[in-house]
Amino acid sequence: MENTWGLIFTKVNLEENKFDYLLELNTGSEHDTRLLFNRIKNEFTENKGEPEMVIDLVDEEDGIIDDFSLTFSQAETVASLLGHNISM
């Protein structure tokens, strides 16, 4: 499958000082992916406390363009709305 713009759902594991990649989605064109990412940012409150989950906006080269911090519960909701599940 061709690599396109996408979203990566990453769990922040503070105890082990590492990141756990839970879901990677190729979502299409830059325009469509930016619209989706901005919709997530507009519809969910950013988690300003201890980091739990981060959704990264990535380009076709897997470069992180932007990120948005959520609680794990919020990230589960976002994934579910996109037709996917995330688990730890």
Give every residue pair that meets the salt bridge (charged side-chain N to carboxylate O under 4.0 Å, His left out) criterion with at least one member in residues 16-37, sequence neighbours excluded.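 As it turns out, the salt bridge (charged side-chain N to carboxylate O under 4.0 Å, His left out) pairs with a partner in residues 16-37, which skip direct neighbours, are E16-K18, K18-D20, E30-R34.
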Can you list every salt bridge (charged side-chain N to carboxylate O under 4.0 Å, His left out) pair that touches residues 53-80, not counting sequence neighbours?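 Matches after skipping sequence neighbours: K41-D66.
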Report whether [X] and [Y] are members of the same hydrophobic cluster (ILVMFWY, side-chain heavy atoms less than 4.5 Å apart, transitive linking).
| X | Y | value |
| --- | --- | --- |
| L14 | F72 | no |
| I40 | V58 | no |
| I65 | I55 | yes |

According to side chain to side chain donor-acceptor pair (under 3.5 Å), who are the partners of T33, at least two apart in sequence or on a separate chain?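 Here the qualifying residues are T27.
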Of all the heavy-atom pairs spanning [X] and [Y], show the shortest one and how long it is.
| X | Y | value |
| --- | --- | --- |
| T71 | Q74 | N-OE1, 2.8 Å |
| S69 | P51 | OG-CA, 4.5 Å |
| K11 | M53 | CA-SD, 3.5 Å |
| I86 | A79 | CG2-CB, 4.0 Å |

Short question: side chain of T4, backbone of S29 - any donor-acceptor pair under 3.5 Å?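 Between the backbone of S29 and the side chain of T4 there is no qualifying donor-acceptor contact (under 3.5 Å).
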Results of side-chain contact (heavy atoms from CB on, under 4.5 Å) for L82 - residues two or more places apart only: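 Partners of L82 under the side-chain contact (heavy atoms from CB on, under 4.5 Å) test: L7, F9, L25, L36, V78, H84.
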Restricting to side-chain contact (heavy atoms from CB on, under 4.5 Å), what partner residues turn up for T77, sequence neighbours left out?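 By the side-chain contact (heavy atoms from CB on, under 4.5 Å) rule, T77 matches F44, L81.
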Do L57 and I64 have side chains that get closer than 4.5 Å, going by heavy atoms?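 The answer is no; the side chains never approach within 4.5 Å.
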Report yes if some heavy atom in the side chain of N13 is under 4.5 Å from a heavy atom in the side chain of F19; otherwise report no.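 No, too far: nothing below the 4.5 Å cut-off.
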Atom pair CG/CZ of N38 and F68 - distance to nearest 0.5 Å: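 Rounded to the nearest 0.5 Å, the CG-CZ separation comes out at 10.0 Å.
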How far does CG of L70 sit from OG1 of T10, to the nearest 0.5 angstrom?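 Here the interatomic distance stands at 11.0 Å.
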Residues in salt bridge (charged side-chain N to carboxylate O under 4.0 Å, His left out) with E46, at least two apart?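 E46 satisfies salt bridge (charged side-chain N to carboxylate O under 4.0 Å, His left out) with K48 only.
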